[in-house]
Undergrad: 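Take a look at the following structure, please.
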Amino acid sequence: MSPARPRQPARISHWLMKSEPDAFSIDDLRRKGQEAWDGVRNYQARNFMRDGMRPGDKVFFYHSNCAEPGIVGIAEVATDAYPDPSQFDPKSAYFDAASSRANPRWMLVEVKFVKKLKRTLSLKELQAQPALAGMALVRKGNRLSVMPVEKAEWDYILNLEKHSA
DNA sequence: GCCAACGTTGGC
DNA sequence: GCCAACGTTGGC
């Protein structure tokens, strides 16, 4: 008899990335088409980009630190991770003197615009969904700017768009 | 390795 | 603008 083939756990392929719309909004991404997601200076977020993301993965684009925080659009991972150039630029706000080109500390991926949602799926609305209670996003004090999203959560959230808030 | 001080995030 | 929550730094 043949042993059961060991199953790979399903690779995470859905994500959520936060951006402050005053700095870079979903409309900015639509205008530019594709953008390097620079400035991430958190190890957990970096690891998700470096180790988890692959081109073609889907991304919820989230507006943070604004009047109505929430998911506003969909993007797609366009590249594998590579060193974030801003860490080497002394004039950049994201400059990191402790990093070197030989041993770069911070990575980024590029993301491309897919679509803008018909309406903002506000944090408030997401927090009201019992089905989403397990998401890091809706937990108090969560500051992670790049995080995985389960496929079931992704589908559930997309379905919310069809309904009125 | 502990933990207080500090800086940042991000909702409100 | 406030401030709670969190991550990082650095003295010890």
Undergrad: Name the residue closer to the 5' end of DNA chain C, choosing between A:Asn65 and A:Asn142 according to the nucleotide with the nearest heavy atom.
TA: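 Closer to the 5' end of DNA chain C: A:Asn65.
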Undergrad: List, by chain and then residue number, the residues other than A:Tyr82 in its hydrophobic cluster (Ile/Leu/Val/Met/Phe/Trp/Tyr, side-chain heavy atoms under 4.5 Å); write none if there are no others.
TA: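 For the cluster that includes A:Tyr82, the remaining residues are A:Leu108.
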Undergrad: At the 4.0 Å heavy-atom cut-off to chain A, mark where contacts on DNA chain B begin and end, going 5' to 3'.
TA: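 That gives a stretch of B:dG7 to B:dG11.
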Undergrad: Sort and list the pairs that fulfil salt bridge (charged side-chain N to carboxylate O under 4.0 Å, His left out) and have at least one residue in residues 144-157 of chain A, not counting sequence neighbours.
TA: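 Applying salt bridge (charged side-chain N to carboxylate O under 4.0 Å, His left out) to every pair that reaches into residues 144-157 of chain A, excluding sequence neighbours, yields A:Lys151-A:Asp155.
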Undergrad: Tell me every residue that passes side chain to side chain donor-acceptor pair (under 3.5 Å) with A:Asp57, counting only those two or more places apart in sequence or in another chain.
TA: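 Applying side chain to side chain donor-acceptor pair (under 3.5 Å) to A:Asp57 gives A:Arg11, A:Trp15.
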Undergrad: Applying ring-ring contact (aromatic ring centres under 6.0 Å, His included) as the test, list every pair that has at least one member in residues 107-131 of chain A; sequence neighbours left out.
TA: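 Every candidate ring-ring contact (aromatic ring centres under 6.0 Å, His included) pair involving residues 107-131 of chain A fails, so no pair, neighbours aside, qualifies.
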Undergrad: Quick one: which residue pairs count as a salt bridge (charged side-chain N to carboxylate O under 4.0 Å, His left out) with a foot in residues 19-29 of chain A, not counting sequence neighbours?
TA: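 Listed once each, the pairs are A:Asp27-A:Arg30, A:Asp27-A:Lys116, A:Asp28-A:Arg31.
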